[in-house]
Enquirer: 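To start, I am sharing the structure in question, which I have written as structure tokens.
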Amino acid sequence: MKHKKSQWPWHVLTVLLLIGLAGALYYATSLMSYEWRWNRVPQYFAYHAEESQRAADISTVSELARQGDKAEVTLRNEAGDEQHLSVDANSLQVAQGDDVAEGDVIGVTRHWAAGPLLWGLWTTLWLSVVSGVLGLLIGLATGLCRLSNNPTLRDLSTIYVELVRGTPLLVQIFIFYFFIGTVMNLSREFAGIAALSLFTGAYVAEIIRSGVQSIARGQNEAARSLGLSAGQSMRHVVLPQALKRVLPPLAGQFISLVKDTSLVSVIAITELLKSGREVITTSFSPFEILFCVAGLYLLINLPLSKIASRLERRLAQSD
Amino acid sequence: MIEVRDLVKVFDTRGQVVRAVDNVSTQVAKGEVLVVIGPSGSGKSTFLRCLNGLEAFDSGSVSIDGLQLADPKTDVNAYRREVGMVFQHFNLFPHMTVLENLCLAQKVVRKRGKKEREAKALALLDKVGIAQKANEFPSRLSGGQQQRVAIARALAMEPKVMLFDEPTSALDPEMVGEVLDVMKTLAVEGMTMVCVTHEMGFAREVADRVLFFDHGKLLEDASPAEFFDAPKDPRAQAFLRQVL
């Protein structure tokens, strides 16, 4: 007779351990008299931006109408031309009949604007997506070249994969920016994306190659014996099965890519990490900001692995 | 219909040279059923795979309806669509339903319309007795059902010749019969067939000729009555003593 032991006390223990760890960290920072100021953080995500509305010419306030929070101001200059301005009512600097000079502030309009952390998140996202898609295409082509019967294609793809896998990504980014970027006059974004997608491509190529090789030879033989050409067999029979099989390592590679985009901060692309570091210089709250940055990376990667496992389950329906 | 002349296939792996098919010549007439038997490693499967170019041979010639396989001008894909093949391990495409398995080559190679290819596929599934499984994935089918789907898949291309590579060797004994029944029906309908098999009963009942292979050599080519009752070659005699 096997007794089924309940699991929940262990889960409780896990939670207690985590709380203990967090408490210890908090205590340690309090010893070095660090002042936590989480309330400073939100403004770096989004803030209320002010935009000054200025008079275009020497003129007089001819009309002034308040509509709720807004104030409609009409200025008339000596030539009789009118300028209409709409400003926030509580920022209004003028009254009816006032004379204003060119460039005088009449009032401000306020609107929500994305802060540096959001911009950094956006940059990280599009860098990841663009280099991910390019890397997948490069990897697919290279992986198939590695399996090709043509010796030149095979040699070239092998050299590419070994070169990229054998050197650090950081070095590749520097080479792309300072050497290739200078020679070919590339923008820093272009250099960054090129380095990231070539790096990802090499790893994806190996994943694709191993996936294709893991499909039983009989599959290809069955397809060829039905009269399909080598390409048709690859396209309709081998690749669909291989892609299904390589989905987990591919997802891992893309998660790595998202994290590796932080390296392009060294060539002054203001992605998430670099905007975080810029924010630290103005907020003097390094710990809070770094935790936020880490949290934002998690925010991208957790859904990514969730989507991957869901896709995996959906594709497994034929097994 | 099939003409094989002086066929030689040599495997050379790390200095070990094996003459898997050694100077084999034979021919198969239209509508004839050939059964190839022999001990394992005798080269009978390799011989069969040479017939549709899955294995590239070293010398000699293979032709079907006058179309030379070794001729560089021959489009090997066009050649293969006239030759159906059934494998020991079925090799159904696991990511497609049974119906899609039957339709893929019709669509990609024969360029048939959706209606036409599905009608053809369903008719063939009906013929092999598993029409109700059309929308299942192969993993849901028993071995015997999978092998019948594989036969139907090959037939969907309307081949002139069918090659069977030990089609019942990977099956549970109780499922052998259903596959052999399908093959017998094909033989009765006049399909030209070459079968590598260990089913002696099938060979005796259905075959027009029996080929006996050992060490890559074609040692005996006789009618089943002659072969089973009075084999001439001593190795064939020894083999039959073991299996009968």
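Hydrogens, waters and symmetry mates are skipped; everything else that's a heavy atom, side chains included, is used.
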Enquirer: How long is the straight-line distance from OG of Ser225(A) back to CG of Asn77(B), given to the nearest 0.5 Å?
Expert: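 It is 11.0 Å, given to the nearest 0.5 Å.
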Enquirer: Residues of residues 41-52 of chain B under 4.5 Å from chain A (heavy atom pairs)?
Expert: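 Contacts with chain A: Arg49(B), Asn52(B).
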Enquirer: Side chain, backbone, both or neither: which part of Phe87(B) has a non-hydrogen atom closer than 4.5 Å to chain A?
Expert: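 Contact with chain A involves the side chain of Phe87(B) alone.
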Enquirer: What are the two closest non-hydrogen atoms of Arg224(A) and Arg80(B), and how far apart are they?
Expert: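 For Arg224(A) versus Arg80(B), the nearest heavy atoms are O-CD, 3.0 Å.
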Enquirer: Got more than 12 heavy atoms from elsewhere within 6.0 Å of CH2, Trp126(A)?
Expert: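 It does: Trp126(A) CH2 has more than 12 such atoms within range.
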Enquirer: Arg153(B) versus Leu226(A): any side-chain heavy-atom pair under 4.5 Å?
Expert: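 SC-SC contact between Arg153(B) and Leu226(A) confirmed.
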Enquirer: Heavy-atom distances under 4.5 Å only: say whether Leu92(B) touches chain A with side chain, backbone, both or neither.
Expert: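 Contact with chain A involves the backbone of Leu92(B) alone.
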Enquirer: Any idea which heavy atoms bring Phe93(B) and Ala222(A) closest together, and the distance?
Expert: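 Closest heavy-atom pair between Phe93(B) and Ala222(A): CE2-CB, 4.0 Å.
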Enquirer: More than 12 foreign heavy atoms under 6.0 Å from CZ of Phe190(A): is that the case here?
Expert: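 Not more than 12 within 6.0 Å, no.
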Enquirer: Are any of the side-chain heavy atoms of Pro240(A) and Met96(B) separated by less than 4.5 Å?
Expert: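 Result no, sub-4.5 Å side-chain heavy-atom pair not found.
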Enquirer: Tell me whether the count of non-hydrogen atoms from other residues, nucleotides or ligands lying under 6.0 Å of CD in Glu189(B) goes above 12.
Expert: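 Buried by this count: over 12 neighbours within 6.0 Å.
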Enquirer: If we ignore hydrogens and angles and just use 3.5 Å, is the side chain of His236(A) paired with the main-chain N or O of Val108(B) as donor and acceptor?
Expert: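 No.
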Enquirer: Are more than 12 heavy atoms from other residues, nucleotides or ligands located less than 6.0 Å from atom CG of Asn150(A)?
Expert: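 Buried by this count: over 12 neighbours within 6.0 Å.
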Enquirer: Check each atom of Val109(B) against the heavy atoms of chain A and say whether the ones under 4.5 Å are side chain, backbone, both or neither.
Expert: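 Side chain of Val109(B) only, per the 4.5 Å heavy-atom cut-off to chain A.
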Enquirer: Would you say Arg5(B) has more than 12 foreign heavy atoms packed within less than 6.0 Å of its CZ?
Expert: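 No, CZ of Arg5(B) has 12 or fewer neighbouring heavy atoms, counting only those of other groups under 6.0 Å.
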Enquirer: Inspect the surroundings of NZ in Lys184(B) and state if more than 12 heavy atoms from other residues, nucleotides or ligands are less than 6.0 Å away.
Expert: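 Enclosed.
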